[in-house]
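Working notes, beginning with the structure itself.
In this text the structure is predicted, and so the values were computed from the model without any measurement.
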Amino acid sequence: MRWCGSLPAWLFRVRRFACQALVCRRRTFVEQVDGLTRRHGQVTERQRSSVTGLGLALAGRAGARMAALLGIRASRNTLLRRVMDLPDPAVEAPVAVGVDDFALRKGQTYGTVITNAVTHKVLDLLPERDAATLAPWLAGHQRIEVIARDRASAYAEAADRAAPQARQVADRYHLWANLVRAVERVVTDHRACLRVPESEPEPEPRWENPLPAEAGNADDAQPVNPAGRVAERRRANHTLAHGLLNSGMSQRAVAKHLGWSRNTVRRYAEAGKWQDMMKGPQAPRTVKLDPYKPYLLRRWEETSGNISGMALLGEITARGYRGGYTQLATWKQRELLPDGPPPPRPPTVREAADWLTRHPDGLTADDAIRRKALLVHCPDLDTTADLVTAFAEMLTLLDGDRLPEWISEAKVAGLPGISTFANGLNSDYAAVHAGLTTQWNSGHVEGAVNRIKMLKRQMFGRAGFPLLRKRVLLA
């Protein structure tokens, strides 16, 4: 070490080799210091590692912006090149893995992500999602004992071919997703049952002792003590205003002290009780539609009610109406359709399927009532709901020993979607039974897929498979 001014300077002695071959373009070779120098290096290893770290964390454009803030000159292409120069990490020998697909281009190109089911670390990314791509990877890792996968036949084929010693486990999330699709098919086949007939409402009971308002004129009956936030505010303001006035302050002084207008103070001063400040019945408010109501009534009678609201809107707009359709529709519903509001629309196929597959505690009170009416009206959907409940209990409690019984009941029910789902369980029985009896699942793989989606969006279209693979494995 030598001191250069006030700073220490390290001097290294390295060897230089000469090449005696006349055809070699390089005459000399200098020995490199590991971790300090690099052939043709224009930056220090410390700066190189910083640029590489920015590329892994932020990709190209965002990494270049952050590098500029840190005083490092590096383009987005340089950051991406540094990432691509990194070697692949050493792949550990996993005992249990999770396998799932992810979209390179949604709806067009898909790849495969493989994770360690114990450490939840991504082991590798494959450019395809077929058996021919996954089988060689599994064949190179003969210590695998458990493969958690979805219901894709390609992954099952690859596991049977390349890892026969491994136990395949069907993921519970995908089992439930398959069941939901089967229920949607059943509801679609029974969509005519979704129009549940409206039942007559039960009459309200009559009380033996009528309320005080019923004894006289109901229009003259006023509440003795109005309630609500407005009533509380009126009472507090009335007490405050009269307290100041009784202390000898004038109305002008009270208005200045409280920041009110003089008219407000005058109204409180003239009110003997705070209840008098509550607004009573008011005259009906005029709206833009009022001048056109006689014309609308005449047109409704001429057409015997066979005219749409949009047609009426067009006619009165041509006569000068400048309001909106909502005002017209509200008045038409209230005045021209005296039978009351139309019945609620029937549920859609997806809404009905959601009622059948959601936990009862997750339903609103209205949805629970409509679900009950739907099941009473359609026995096939009632059977579907019972099968869904039984499968949900199996899946939640890991009681897969009841699976043969459930498959038999589903086949006997004869519902197209449920029967197809039961046949699929039979064809993949070993993996499904393992998924319903063991703790293994591929939930961590879904988390890796979400992270891959984030990295793809972060790279603004530069996420080719080699670069995406580097970032997923190394970031």
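Proximity of Val122 to Ile114: side-chain heavy atoms (C-beta onward) are nowhere separated by under 4.5 Å. Within the 4.5 Å cutoff, no side-chain heavy atoms of Thr133 are placed close to those of Thr112. Counting heavy atoms from C-beta outward, Val445 and Val113 have side chains that approach closer than 4.5 Å. Side-chain contact between Asp130 and Leu134: absent, with no pair of heavy atoms (C-beta onward) separated by less than 4.5 Å. The side-chain heavy atoms of Arg299 and Leu312, taken from C-beta on, include a pair separated by under 4.5 Å.
Around CZ of Arg161, the count of heavy atoms belonging to other residues, nucleotides or ligands within 6.0 Å exceeds 12.
Using a 4.0 Å cut-off between charged side-chain N and carboxylate O, Asp100 and Arg129 make no salt bridge. A salt bridge between Arg358 and Asp354 is present, with a side-chain N of the basic residue lying under 4.0 Å from a carboxylate O of the acidic one. Comment: Arg151 does not engage Asp171 in a salt bridge, judged by the lack of any side-chain N to carboxylate O separation of less than 4.0 angstrom. Ionic pairing of Arg402 and Asp399 is present here: one or more N-O contacts between side-chain nitrogen and carboxylate oxygen are shorter than 4.0 angstrom. For the pair Arg235 and Glu232, the salt-bridge criterion is met [side-chain N within less than 4.0 Å of a carboxylate O].
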Check your understanding: Going through the checks in order, is the side-chain contact (heavy atoms from CB on, under 4.5 Å) test met by Val376 and Asp382?
Key -> CA-CA 7 Å; Val376 171; Asp382 190 20; over 6 Å; no
Practice item. Go through the steps to decide whether Thr303 and Asn306 satisfy the test side chain to side chain donor-acceptor pair (under 3.5 Å), and finish with yes or no. Key: CA-CA 5 Å; Thr303 59; Asn306 296 323; over 6 Å; no
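Within the 3.5 Å criterion, the main-chain N or O of Val180 finds no donor-acceptor partner in the side chain of Thr357.
A donor and an acceptor atom, one from each side chain of Thr52 and Ser49, are nowhere located under 3.5 Å apart. Between the side chains of Asp386 and Thr383, no donor-acceptor pair is found at a separation under 3.5 Å.
Residues meeting the ring pair (Phe, Tyr, Trp, His ring centres under 6.0 Å) test with Tyr321, sequence neighbours left out: Tyr292.
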Which pairs would a plain distance check flag for residues 413-436, meaning a side-chain donor or acceptor within less than 3.5 Å of a matching protein atom at least two apart in sequence or in another chain?
from   : atom 1 : to     : atom 2 : distance (Å)
Ser419 : OG     : Leu415 : O      : 2.8
Thr420 : OG1    : Arg185 : NH1    : 3.3
Thr420 : OG1    : Pro416 : O      : 2.9
Asn423 : ND2    : Ser419 : O      : 3.2
Ser427 : OG     : Gly424 : O      : 2.8
Asp428 : OD1    : Arg149 : NH2    : 2.9
Asp428 : OD2    : Arg149 : NH1    : 3.4
Asp428 : OD2    : Arg149 : NH2    : 3.1
His433 : NE2    : Asp401 : OD1    : 3.3

